4 protein chains.
Amino acid sequence: MKILISGFDPFGGEKINPAYEAVKLLPDSIKGAEIVKLEIPTVFHKAAEVLEEKVKEVDPDVILCIGQAGGRYGVTPERVAINVDDARIPDNEQKQPIDVKIKEDGPSAYFSTLPIKSMVEKMKEAKVPSSVSNSAGTFVCNHIMYQILYMIDKKYPQKTGGFIHCPFIPEQVIDKPNQPSMNLSDIARGLEAGIEAIVERDGKEDIKEIGGAIH
Amino acid sequence: MKILISGFDPFGGEKINPAYEAVKLLPDSIKGAEIVKLEIPTVFHKAAEVLEEKVKEVDPDVILCIGQAGGRYGVTPERVAINVDDARIPDNEQKQPIDVKIKEDGPSAYFSTLPIKSMVEKMKEAKVPSSVSNSAGTFVCNHIMYQILYMIDKKYPQKTGGFIHCPFIPEQVIDKPNQPSMNLSDIARGLEAGIEAIVERDGKEDIKEIGGAIH
Amino acid sequence: MKILISGFDPFGGEKINPAYEAVKLLPDSIKGAEIVKLEIPTVFHKAAEVLEEKVKEVDPDVILCIGQAGGRYGVTPERVAINVDDARIPDNEQKQPIDVKIKEDGPSAYFSTLPIKSMVEKMKEAKVPSSVSNSAGTFVCNHIMYQILYMIDKKYPQKTGGFIHCPFIPEQVIDKPNQPSMNLSDIARGLEAGIEAIVERDGKEDIKEIGGAIH
Amino acid sequence: MKILISGFDPFGGEKINPAYEAVKLLPDSIKGAEIVKLEIPTVFHKAAEVLEEKVKEVDPDVILCIGQAGGRYGVTPERVAINVDDARIPDNEQKQPIDVKIKEDGPSAYFSTLPIKSMVEKMKEAKVPSSVSNSAGTFVCNHIMYQILYMIDKKYPQKTGGFIHCPFIPEQVIDKPNQPSMNLSDIARGLEAGIEAIVERDGKEDIKEIGGAIH
């Protein structure tokens with residue numbers, strides 16, 4: 001089994017992006033699965049092009065992307081990506097689409113094809129705060145998750161894919177009072193636990209655990 | 001123009017549901033549009049049956065539903081409903097579906113067909129805190145929003161529809177420390193402003209305003 | 001019984017100070033007590049001078065001051081004022097003392113001599129979110145509370161005094177996402193309930209109710 | 001220079017108290033100062049007795065206590081302890097004093113005699129989120145801080161003392177959604193940086209840095 005894990009470069013005025021820093025801390029093999037790492041640009045559409053190049057090159061079984069979500073308290077597998085770009089801030093090439101479809105011929109949304117409930121359970125067993133997230137936002141993170149699942153839907157139906165959001169790390173919140181953060185090594189442990197769940201549930205249905213949101 | 005506005009009965013241990021209490025405060029006519037009010041049960045599927053009965057009876061142009069979202073700081077029009085029921089708590093008939101599709105033949109998601117950016121703008125002009133929400137959760141609120149838009153998609157393509165979430169009201173948070181709340185009259189003012197936007201934008205595209213979420 | 005209630009003018013870039021706006025909504029008599037209102041400047045020391053002028057003029061039994069505390073979820077009687085000015089922002093005359101004693105000959109702190117637990121109880125009975133606060137900060141609010149109690153301690157031992165902090169009102173948080181707020185009429189109702197408790201407990205000890213903070 | 005650092009045993013239903021776990025991670029010598037560690041019971045008055053026994057035994061120059069403050073986002077030196085016990089929950093011997101003075105003959109409050117602004121600055125330089133706190137609550141943490149400073153005031157005027165509050169650690173918030181946490185090693189690094197500031201500022205005044213709270 002081969003897992004391609006991408007993470008974004010820094011954006012929104014931050015100097016580092018803990019998402020890719022955490023990816024770099026991952027081992028090259030998890031539960032027997034080979035881990036291939038890739039940094040992608042925080043740019044609408046271009047992120048997907050760079051990612052697809054790598055998909056063609058390494059032909060992974062799983063396409064996973066990791067992003068930063070300042071304000072979150074835990075590591076959060078995303079349930080769904082929606083077919084809209086609605087940027088609150090410009091991306092790293094100063095593009096700022098407002099209410100534009102990502103793919104004209106795509107469905108309104110794609111659900112993650114990764115076992116998100118199992119991933120959350122494994123992360124919690126590893127003592128890393130975690131929960132399912134029901135919105136990946138409307139910026140480049142939601143965009144790449146949608147693009148991954150569109151790519152799989154249209155061209156690579158054998159592969160699975162999804163997205164995980166991570167909190168700020170402590171050094172990012174030194175001057176942001178009352179913002180939660182998580183140590184980079186804890187984020188990496190959470191990601192590793194999540195990937196273990198992906199490997200273990202391969203070919204099986206996700207577990208039926210409570211993990212929804214009331215609103 | 002005729003607008004059907006439904007709101008849920010109380011759930012989750014709360015004695016009142018401010019959503020429908022606020023609906024009751026609305027005038028019978030807003031900017032010339034007739035307002036028809038309906039209380040619906042907080043029960044998966046049954047909520048949709050009760051609502052569709054009323055749709056058949058009054059034949060509204062707009063189908064809007066209002067729900068409570070404890071923890072929110074403002075009145076929040078929802079952008080999208082997803083095709084999944086994943087209940088954290090039982091509904092009012094003790095049903096608790098986990099990761100079940102709402103409609104087997106439905107798309108993965110429906111976007112609101114109401115002018116959500118205009119609605120937020122109007123609410124803010126009325127001095128009511130407001131923002132676009134990108135997740136209606138996975139409980140009965142998301143369920144009814146999906147059902148409304150499925151119903152419109154399949155049977156009533158001339159109608160438009162959507163959902164608005166409201167905060168707790170002060171009396172609900174007396175024993176819930178550090179939970180935001182909003183006065184019922186402010187919620188009602190927010191809803192009225194949102195409905196004004198619906199009437200004013202009738203037949204037009206929504207405004208292109210910044211209002212997305214980074215994650 | 002005569003109660004002097006002061007409130008600050010706007011500060012910190014805000015256009016209005018809901019504290020004094022709420023004071024203005026109070027009736028001129030509460031449970032038989034005469035209510036005298038006074039706006040004071042958000043300026044270290046000067047606030048106390050203006051207040052003491054009024055104390056001399058009207059000779060109140062109770063000296064109460066109301067201030068704004070953006071970020072709070074309820075109306076919060078303060079337990080204690082400490083003998084330090086430590087300004088995070090300049091006051092309205094651009095003074096910004098850092099770690100300076102308010103009164104060289106004053107004690108390290110003064111406890112409110114108002115029945116704060118009874119006040120919280122009354123506010124909650126009136127369905128207004130409320131709790132005891134254990135810190136009035138280190139800006140002009142803590143300063144005036146300390147000055148009131150110093151004044152009473154040194155010159156007017158027959159009088160009682162204290163301070164109540166109020167949340168933002170909705171119009172102040174329109175462009176501050178995820179900040180709690182409270183309708184001005186609810187703040188005024190909370191203040192009125194608190195004042196009722198002051199009148200009713202006159203000459204008696206405060207109630208022994210749970211209301212402390214673990215940290 | 002000798003520094004006695006105490007930390008509480010678990011309380012309030014928690015299985016561990018990260019405060020003392022972090023203390024255990026500290027080296028035995030920091031910037032040349034000897035570090036003596038002590039676990040104390042989360043019990044009103046008894047905590048102080050156990051602590052004073054140790055003070056007599058090791059005769060430290062600095063008496064520092066570390067406690068847990070669930071809900072905090074950073075490591076927070078406390079500015080002041082107030083002369084009141086007001087327990088929201090029972091202590092570990094089921095005592096729950098309500099609005100009782102800690103010391104009948106003590107002043108209303110004691111300010112920390114440690115350089116709290118320097119400590120915060122050093123912690124931030126070490127990339128550990130930190131800020132001055134203006135309330136240690138009204139439970140056993142405030143109690144022991146008050147007792148330390150009373151002890152110093154009455155018997156050991158050559159010594160200095162104070163208190164630092166720490167956040168939850170990640171494993172404590174696995175089932176507490178939206179509660180901030182901090183890795184134990186980061187808490188320990190923060191404490192070490194704070195102690196470095198204590199050693200470096202020994203015999204000097206604290207720095208005059210902005211660090212107050214508006215309310």
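Below, read A as the first sequence line, B as the second, and so on, with proteins coming before strands; counting in each chain starts at 1. Fair warning: this is a prediction, and the values are worked out from it, not measured in the lab. Heavy-atom basis, side chains included; hydrogens, waters and symmetry copies ignored.
- Comparing A/Gly212, A/Cys141, A/Ala136 by how many heavy-atom pairs each has under 4.5 Å with chain B, the most go to A/Gly212.
- B/Ala69 touches chain A through backbone and side chain together, each having a heavy atom under 4.5 Å away.
- Between chain B and the residues A/Ala87, A/Ser133, A/Gly70, the most heavy-atom pairs under 4.5 angstrom are made by A/Gly70.
- Using a 4.5 Å cut-off between non-hydrogen atoms, the part of residues 99-117 of chain B that approaches chain A consists of B/Asp99, B/Pro107, B/Ser108, B/Ala109, B/Tyr110, B/Phe111, B/Lys117.
- Side chains of A/His215 and B/Thr138 form no contact here, defined as non-hydrogen atoms less than 4.5 Å apart.
- Closest heavy-atom contact between B/Asn134 and A/Ser135: CB-OG, 3.4 Å.
- Side-chain atoms of A/Arg88 do not come within 3.5 Å of backbone N or O of B/Ala213 as any donor-acceptor pair.
- Only the side chain of B/Gln96 comes within contact range of chain A, with at least one heavy atom under 4.5 Å from a heavy atom of that chain.
- Closest heavy-atom contact between B/Ile214 and A/Phe11: CG2-CE1, 3.7 Å.
- Across all their heavy atoms, B/Arg79 and A/Asp86 have their closest contact at NH2-OD2, 2.6 Å.
- By the 6.0 Å contact criterion, NZ on A/Lys37 is enclosed, its count of non-hydrogen atoms from other residues, nucleotides or ligands being greater than 12.
- Proximity to chain A involves both the backbone and the side chain of B/Ile210, based on heavy atoms less than 4.5 angstrom apart.
- Of the listed residues (A/Gly211, A/Gly12, A/Gly67, A/Gly71), the one with the most heavy-atom contacts under 4.5 Å to chain B is A/Gly211.
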